[in-house]
Amino acid sequence: MLRYNLHNTLYRTSMLDHSSLEFEALDSDSGQIEILRQKIRHSAAHVMADAVMQLFPDAKIGIGPPTKDGFYYDFEVTHPFTPDDLEKIEKRMTEIISKNHSFEKSTISRNDAENKFEQQPYKIELIENLDSDVPISTYSHGTFEDLCQGPHVETTADICAFKLLTVAGAYWRGNEKNPMLQRIYGTAFESSEALEEHLHNLEEAEKRDHRILGRSLDLFSTHDEIGPGLTVWNPKGAMLRSIVEQYWRDLHIQHNYQPVYSPHIGRSNLWETSGHLGFYNENMYAPMEIDEQQYYLKPMNCPFHIMVYKSSLRSYRELPLKLSELGTVYRYERSGVLHGLMRVRGFTQDDAHIFCMPDQIEDEIGKVLDLTFELLDAFGFNNYSIALSTRPEKYVGEAMMWDHATDSLRKAIESRGLTYTIDEGGGAFYGPKIDLNIQDALNRDWQCTTVQFDFNLPERFDLVFQNDNGERAQPYMIHRAILGSIERFIGILIEHYSGAFPVWLAPVQAMIIPISDRHLEYADSIQSALSSHGIRIEVDSRRDRMNAKIRDAQMQKIPYMVVVGDSEAESQSVSVRLRDGTNLGAIPIPEFQELVSLAVTNKTI
RNA sequence: GCCCCUGUGGCGCAAUGGUAGCGCAGCCGAUUUGUAAUCGGCAGGUUUGGGGUUCGAAUCCCCACUGGGGCUCCA
């Protein structure tokens with residue numbers, strides 16, 4: 001693995017004075033510091049390219065921009081970089097930085113640029129693609145000059161703290177038809193403290209990785225025998241999942257959705273009618289033949305829900321008809337993109353389809369948003385960003401319907417006082433949509449919720465309802481998923497809570513720890529008493545010391561550790577320790593039961 | 001799919017061409033303990049699979065598969 005061990009590598013930081021660096025950013029707002037970091041990182045990328053060219057003079061250089069958390073630069077080299085190479089490059093960069101070269105900008109003609117970069121085919125390609133009215137500029141430091149529009153820091157010494165992180169393949173301009181270059185990722189900051197903090201955060205994120213916690217908390221597992229991208233849920237994870245799903249079902253019924261169920265395969269003609277065989281073929285698995293008929297594993301639930309709709313002639317009185325299902329779908333994902341629970345080949349959508357009349361859409365979209373916030377809030381997500389995607393160039397349906405639908409989406413958002421961005425032309429070909437991103441505890445964005453109009457399927461399946469004039473009309477159809485994929489959502493939950501789930505979600509809410517064997521009977525009696533109240537409580541009856549049992553329960557991130565010994569048995573109480581280490585001392589059993597029940601009801605952490 | 005890396009008992013790791021080891025977990029026994037690991041023993045691996053090089057392969061080579069980091073934040 002071409003990856004540095006963050007624990008064992010020294011952070012390389014420049015020891016030079018920073019006199020030339022304007023530190024106004026430090027006492028200004030965070031926007032200022034971001035601008036400074038962009039400059040530092042972009043400059044670090046140049047220095048890295050310089051170092052690589054010194055060490056590997058045959059390298060062809062691609063692009064080297066700053067990114068959200070660092071920078072990268074792409075190179076074409078005959079031999080891919082090794083971790084040793086990264087160290088050498090880092091060392092050379094430190095040398096370059098210590099020379100305190102200043103970054104000099106020059107504006108040059110297209111001709112000069114082409115001459116200057118004649119050894120660099122990727123730069124030539126970039127120059128050729130520049131608009132003729134754009135002035136061409138380069139930045140140089142020392143002997144290295146790069147095609148660049150800047151901006152940069154003043155001198156290399158301003159790159160106060162940097163570190164190279166990983167090397168990876170990356171297609172030139174991201175297109176897999178182009179050659180694959182070697183990309184080196186690094187990061188840089190305005191101070192070594194900030195760099196160390198960033199590296200520390202990376203380590204923390206690694207500890208929260210749902211794939212690691214999934215194993216150590218015994219939540220789910222994957223197996224060669226089953227296949228990549230296919231997960232099995234172990235009992236603890238299945239418990240967590242079923243709690244999530246049960247809450248989802250209850251809430252949907254409260255919100256007037258009707259649960260439905262549908263099979264996992266359907267005949268080819270269903271998918272021909274829906275159009276999936278045409279436009280979604282790449283993500284569908286090969287058909288299986290049953291009695292000389294072709295059947296496909298479902299990549300989506302909508303055709304089945306449409307069949308439920310069509311199972312009788314619908315009256316306008318039935319609308320809006322809201323059909324919901326935790327529907328498991330199978331989609332082909334390229335092997336390289338699979339990732340834990342986040343990207344899999346078989347997953348369960350928290351799907352629903354709303355069939356309604358045109359004058360109901362605004363209200364219905366609003367209700368979807370309200371339900372979304374209620375649901376996500378329960379799981380501890382209350383930072384959102386919303387994007388509205390409008391009509392693309394290629395679309396089906398009538399422009400008027402698009403406008404009406406887009407307008408209803410906008411009004412639903414605005415009437416709730418929410419801010420949003422507009423992705424002009426970013427809608428699917430079949431309808432406009434709202435996407436919602438949640439932010440987790442590490443401020444990472446996850447797109448879960450999507451609400452999409454569909455002007456395609458009602459037409460293809462000839463959906464109708466009888467209106468109040470006895471005429472047949474076509475309903476509007478809305479697809480929506482709030483959690484997105486249950487698998488992925490639980491992956492996000494694991495990372496958000498770092499495995500320490502709130503009491504209502506914890507697979508095991510309390511572990512009874514008898515101090516010695518003679519307390520087992522009392523422990524069992526508490527267990528059955530509290531289980532009968534719906535508390536998920538177990539007894540650690542192993543012949544281990546109390547300390548070992550506490551440690552295990554801590555590691556399993558169980559919310560309550562219930563220690564029982566002579567004095568507790570005597571007073572019909574329990575000694576409660578929380579997983580944050582707090583010792584609540586002895587409390588009567590009914591009081592403990594109340595404590596847990598309250599935490600469950602209030603969904604407190 | 002593509003590039004690079006990786007694969008050793010359930011899990012985490014060691015052994016770099018010469019007899020596969022350690023820790024955790026598991027099982028057995030002793031201990032009966034007051035808020036983050038009690039002690040001792042036992043068992044567990046044809047080193048992901050297949051092929052090759054070699055007197056000899058976990059180790060080198062080839063193929064396949066798993067897992068990991070990435071693959072338009074654009075000069």
Side-chain angles (χ1 to χ4, degrees), chain A residues 1-4 38 41-42 45-46 61-74 76-77 79-83 113 117 120 122-130 134 136-139 146-150 165-185 209 211-212 215-216 218 221-229 282 332-340 513-520 542-556 561-568 575-579 581-586:
Chain A
M1 197 165 79
L2 274 186
R3 177 132 206 208
Y4 273 117
Q38 293 283 306
R41 288 164 185 173
H42 196 175
H46 276 224
I61 57 179
I63 59 168
T67 64
K68 191 170 156 246
D69 296 311
F71 63 89
Y72 65 82
Y73 214 114
D74 290 342
E76 185 185 279
V77 280
H79 296 290
F81 298 118
T82 64
F117 293 103
Q120 292 293 344
Y122 297 107
K123 294 294 176 191
I124 296 291
E125 188 181 325
L126 292 171
I127 294 165
E128 281 165 358
N129 284 327
L130 287 176
V134 175
I136 296 177
S137 62
T138 67
Y139 273 82
D146 196 3
L147 182 72
C148 182
Q149 61 186 2
L165 299 169
T166 56
V167 54
Y171 296 105
W172 170 238
R173 304 181 84 112
N175 186 334
E176 60 192 58
K177 295 198 174 87
N178 288 339
M180 180 157 281
L181 310 180
Q182 296 295 311
R183 172 172 298 178
I184 301 177
Y185 281 95
D209 191 313
R211 293 164 301 181
I212 312 244
R215 166 159 287 145
S216 60
D218 197 15
S221 53
T222 54
H223 304 263
D224 270 13
E225 293 88 334
I226 299 174
E282 281 181 5
Y332 174 72
E333 297 283 359
R334 302 206 292 180
S335 59
V337 305
L338 298 174
H339 181 89
I513 298 171
I515 286 174
S516 82
D517 283 0
R518 68 174 180 278
H519 309 115
L520 267 175
R542 295 172 306 169
R543 287 167 49 176
D544 258 316
R545 293 182 59 198
M546 177 199 67
N547 278 313
K549 293 179 183 182
I550 287 178
R551 179 166 191 273
D552 284 351
Q554 280 294 151
M555 307 262 283
Q556 289 298 306
M561 280 149 274
V562 178
V563 177
V564 296
D566 289 334
S567 62
E568 286 81 6
S575 271
V576 178
R577 175 192 163 105
L578 306 180
R579 63 189 153 187
T582 310
N583 191 342
L584 298 183

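Throughout, a chain's letter reflects where its sequence line sits, starting with A, and its residues are numbered from 1.
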Would the base of [N] count as contacting [X] through its side chain, where contact means a donor and an acceptor less than 3.5 Å apart?
X	N	value
A:Arg543	B:rU31	yes
A:Glu568	B:rG34	yes
A:Tyr332	B:rG1	no

*Which is true for A:Arg577 with a 4.0 Å heavy-atom rule: it touches a base, it touches only sugar-phosphate, or it touches nothing?*
base
*What integer distance in Å separates A:Ile515:CD1 from B:rU32:C1'?*
10 Å
_d(CG, A:Asp69; P, B:rC73) in whole Å_ = 13 Å
*Within less than 4.0 Å of OP1 or OP2 of B:rG34, is there a side-chain N or O belonging to A:His519?*
no
*asked:* Is A:Arg551 close enough to B:rU38 that one of its side-chain N or O atoms is under 4.0 Å from OP1 or OP2 there?
replied: no
*For A:Thr582, enumerate each residue passing the side chain to side chain donor-acceptor pair (under 3.5 Å) test, keeping only those at least two apart in sequence or located in another chain.*
A:Asp580
Taking N or O atoms only and anything under 3.5 Å, show me the protein contacts with nucleotides 11-13 of chain B, one pair per line.
none

*Between B:rU32, B:rU33, B:rG70, which nucleotide has the shortest distance from any of its atoms to the side chain of A:Asp517?*
B:rU32
*Hey, are A:Asp69 and A:Arg41 close enough for a salt bridge, meaning a charged N less than 4.0 Å from a carboxylate O?*
no
